[in-house]
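Okay, so here's the structure we're looking at.
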Amino acid sequence: MSVESATEPVEVLPGPVAQRLHVTSTGDPDRPVLLLAHGFGCDQGMWDGVLPDFGADHRVVRYDLMGYGRSDVAAYDPEHYSTLDAHAADILAICAELDLHDVTLVAHSVSTMMALLAAVREPGRFRQVVLVAASPYFLEDPATGYDGGFSAADMAEVAGALDSNYFTWAEAMAPVIMGTPDAPEHGERLTASFCRVDPDVARQLLVVMFTTDFRPLLPRVTTPTVVVQSRADALVPPSVGEHLHAHLAGSTLVQLEAVGHCPHISAPEETAAAIRAHLLPR
Amino acid sequence: MTQRDYAELWQRAPGGHLLLDDDGLITAVNATFTGWTGYTAEELLGTPFPKLLPIGDRVLYTTHSLPQLMVSGRIAEASVQVVGRDGSRHPALLSATRVSGPDGPETQLVLVDAQQRRRYEEELLAARRRAEESEARITRAEAELAELVHHDSLTGLLNRPGLLRALHDRLGAARADRGDGAVPTVLFIDLDGFKTVNDDLGHASGDELLQVVARRIRSASRAGADVARFAGDEFVVLDDVTPSGAARVADRLLDLLAEPVVLQGVEVVVTASVGICSAEVPASGPDAAELVLRRADNAMYRAKAQGSGRWTAHRPGDSDPGADRLVLLEQLRSGIRQGQLRVFYQPRLHLPTGRLSGVEALVRWEHPTRGLLQPGAFIDAAEQSGIIRELGAWVLAEAVEQAVRWDATGGPAGLQVAVNLSARQLADTDLVPLVARTLARAGLPAARLVLEITETALMSDPDAALRSLQALKELGVLLAVDDFGTGFSSFTYLKRFPVDELKIDRSFVTGMTTDPGDHAIVASCVHLAHAMGLVAVAEGVESAAECDALRALGADQAQGYFFSRPVPADDMPLPIVVA
């Protein structure tokens with residue numbers, strides 16, 4: 001299945017890392033770099049809605065998480081990708097191969113923790129990290145009063161969770177053609193795009209997501225951060241955004257009017273405007 | 001329909017119906033849904049819908065279904081479960097539409113019961129998981145089998161098929177433009193003196209020696225090299241190296257292998273010869289692997305010919321005895337079919353009377369381009385390939401039939417015909433019936449046939465030779481030990497062999513009139529033959545002086561150029577009487 005991009009086909013960049021992760025570049029190549037990392041169960045098409053807002057004065061680099069979208073699934077080694085470190089290393093590999101500096105890294109969902117790992121490992125590489133719908137830990141931790149939104153009982157189901165709707169994930173990979181009552185022009189395309197997921201790959205990332213506590217990572221982050229939180233996010237309760245803001249030194253917390261875990265989908269203009277408003281001045 | 005009818009229809013629809021506001025909170029729910037879940041409508045109103053889903057479905061709904069709904073306005077038949085008040089699960093297909101309501105956008109959500117479909121999916125998935133598991137098991141089993149099939153159980157090294165596979169892989173991957181000049185290279189290692197260890201200390205010690213040698217070869221090779229036990233005491237190191245790198249490896253190998261090995265308290269020194277051949281890259285043709293191995297093998301033989309403990313590398317332009325040999329064998333095979341083989345006969349005389357006593361049948365090959373070939377040009381190749389059986393049977397039949405033809409054309413009555421048997425023929429279980437059939441078909445008495453077997457052939461496996469000779473003896477044929485004095489006969493064995501003649505090797509006969517040592521040897525052979533009750537026959541008599549000397553020593557019979565060269569049957573000068 002091939003997925004067309006927002007306006008015209010964007011060619012994947014040359015280079016082994018770019019080929020492996022389907023790295024694309026749009027916008028003005030001489031402008032500051034915005035590197036976009038998509039979230040769980042998605043691919044880089046998820047960012048299409050915010051592209052128009054940044055293309056004019058940024059070079060926008062996007063890629064597909066290993067195992068997702070049009071990344072080279074043949075190169076997916078489950079053992080290597082059994083922690084988020086491997087994905088963080090992929091972010092740094094993209095920066096190295098493309099020789100990106102002073103990067104503004106915008107990450108969504110599970111990629112937010114990969115982004116923080118990358119920023120801790122190579123702080124000099126990044127100007128700023130924007131975290132959309134981020135959570136350092138999805139479980140509740142009564143001992144510290146932290147509420148990640150999921151209980152220990154939920155947790156017990158995680159490993160089998162994707163098996164329970166395995167075929168829905170698998171089916172979702174097929175292109176779906178459907179009416180678009182409010183007629184967003186790119187609706188049909190996006191529907192096809194963000195569903196490119198191998199259920200087995202998704203299952204592994206889900207397990208990693210739910211079994212890793214990234215809270216100890218937060219104090220080690222020295223790069224300036226923006227925490228973007230939407231309303232009624234079924235995966236990330238409001239208290240999680242507050243926790244991030246409290247433990248990320250020099251962070252800014254932005255509360256969106258937008259609803260749900262994917263505000264860049266449901267309200268791309270508001271999300272893009274919120275990000276732009278908090279970019280560090282050049 | 002009244003408004004009430006619509007409401008009733010909605011409440012009792014076959015599926016669960018819900019309305020959600022833009023924040024995903026439930027604003028309306030029908031009776032079907034509350035019936036499934038055990039919640040009251042009041043409890044559900046204001047609850048976020050994803051809270052009713054188990055964790056996996058909640059992630060699916062949040063990360064897939066909701067964005068899809070936002071973008072396209074619809075969700076079509078996502079397979080989920082709804083968790084009831086008592087924790088029970090209700091499989092359902094979830095469809096949703098986003099519409100503009102009176103208070104902003106809202107979501108109409110329909111859940112269709114999917115118990116049956118769910119069961120199918122679960123069975124399908126379980127089958128898939130089982131298939132994956134059994135596929136993994138099959139893959140593991142295949143890998144283990146491949147491991148067994150491609151390794152030598154004694155040394156743990158690759159075996160011949162394993163080596164060929166590794167060589168094919170390396171040749172397939174090799175590129176000329178590697179830059180460092182390293183190419184797949186074969187070092188062919190042959191041990192000198194292994195057979196002695198096996199014979200003197202037994203097979204267990206031989207095996208132990210091979211294991212020690214295998215370890216040494218492994219440690220002399222670079223990491224990443226393939227090491228194989230090719231056959232018996234032949235080993236191969238396969239590595240991507242430059243020519244000078246290969247030479248260094250060969251030096252290391254020879255040094256390490258020259259170290260003594262202690263077996264059963266006995267210090268054994270085994271040396272080796274090494275042949276090196278680098279592959280031509282890119283490899284040409286499907287036989288590239290065999291070619292590089294054969295060239296390394298040939299180079300090894302050249303090294304061995306210079307004395308053990310050396311290495312030699314194949315040079316482009318070196319002749320390829322292996323390839324020549326294959327061509328020769330192919331030509332020989334067709335030569336036999338096309339009647340290019342001839343039998344020549346050399347007379348043998350009774351020395352005291354000078355009368356013809358018999359003839360030795362000797363094979364010649366009328367080669368279409370190379371002319372008349374002596375046995376030395378093709379017998380070894382035939383012997384090694386097994387063509388000797390066909391060739392030997394043909395010569396035997398031809399000679400036996402010729403003896404009968406001479407009888408019929410007034411030749412000397414009772415002429416004996418001698419035919420050579422090779423080691424391979426001697427070991428052939430079909431030999432005795434073959435001889436019996438041949439004699440019977442021609443109608444020649446068994447006592448008119450002499451089978452000549454070299455000393456070396458007899459001693460290569462004396463026990464088996466003894467059994468064959470006894471069976472031949474029972475047929476009534478006469479047996480001669482050929483080239484006597486050149487091998488390492490054990491007289492113990494010789495005494496047990498039921499032989500009738502000793503044929504004294506031509507090398508002693510040729511020297512006997514000039515070299516006292518040779519004279520003494522011939523004398524001993526004649527005495528030995530007589531002492532054992534055997535006929536003493538001298539080969540290679542070329543002069544009157546030799547003939548006289550042999551007569552003086554009491555030799556019984558003789559053959560050689562002095563009397564007659566081997567000639568075609570029709571040219572046989574009959575009768576022959578020595579003046």
Side-chain angles (χ1 to χ4, degrees), chain A residues 39-42 46 49 109-110 133 138 149-151 153-158 160-169 171-172 176-184 186-191 193-195 197 200 202-203 206 209-210 231-236 259-262 264-267, chain B residues 20-25 48-81 83 87 89 91-100 104-105 107-108 114 117-118 120-126 128-129 132:
Chain A
F40 180 77
C42 314
M46 293 293 271
S109 182
V110 68
F138 286 89
F150 291 84
S151 67
D154 290 327
M155 177 63 199
E157 279 191 43
V158 164
L162 286 190
D163 267 2
S164 77
N165 47 34
Y166 185 93
F167 288 97
T168 296
W169 288 99
E171 277 165 10
V176 183
I177 297 174
M178 42 177 47
T180 48
D182 295 339
H186 50 261
E188 188 179 303
R189 170 181 43 73
L190 266 184
T191 304
S193 165
F194 62 65
C195 297
V197 181
D200 291 323
R203 178 164 61 166
L206 183 71
M209 249 169 87
F210 274 83
R231 289 187 303 120
D233 180 341
L235 296 185
V236 185
V259 168
H261 189 61
C262 303
H264 51 322
I265 299 288
S266 57
Chain B
L20 311 182
D21 68 13
D22 208 30
D23 290 358
L25 306 182
F49 172 73
K51 284 277 184 199
L52 299 178
L53 303 175
I55 185 167
D57 292 345
R58 208 187 309 170
V59 172
L60 173 77
Y61 182 80
T62 309
T63 62
H64 272 228
S65 305
L66 271 184
Q68 189 171 316
L69 184 70
M70 293 295 176
V71 167
S72 67
R74 273 184 160 185
I75 302 168
E77 298 199 341
S79 178
V80 297
Q81 298 183 86
V83 183
R89 306 287 173 94
L93 291 178
L94 182 154
S95 299
T97 315
R98 195 156 179 262
V99 296
S100 303
T107 301
Q108 297 173 340
R117 176 180 160 138
R118 190 79 183 186
Y120 290 146
E121 284 187 357
E122 280 165 4
E123 283 168 19
L124 204 55
L125 188 62
R128 185 191 156 106
R129 294 281 180 243
E132 282 168 357

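Lettering follows sequence order; numbering is per chain, from 1.
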Exercise. Can you tell if the side chain of A:His261 reaches within under 4.5 Å of the side chain of B:Leu66, non-hydrogen atoms only?
Worked result: no
Seminar exercise, completed: Closest non-hydrogen contact found for A:Ala234 with B:Thr62 is CB-OG1, 3.5 Å
Exercise. Looking only at heavy atoms, which two atoms of B:Asp22 and A:Val259 are closest? And how far apart?
Worked result: O-CG1, 3.1 Å
For this session: Pick one of side chain, backbone, both or neither for B:Pro48, based on which atoms fall under 4.5 Å of a heavy atom in chain A.
Result: neither
Exercise. Can you say whether A:Phe138 sits under 4.5 Å from chain B via the side chain, the backbone, both, or neither, judging by heavy atoms?
Worked result: neither
For this session: Could you tell me the separation between the CD1 atom of B:Ile55 and the CG atom of A:Leu235, rounded to the nearest 0.5 Å?
Result: 8.5 Å
Problem set entry | Interatomic spacing from OG1 in B:Thr63 to CD1 in A:Ile265 - rounded to 0.5 Å | 11.0 Å
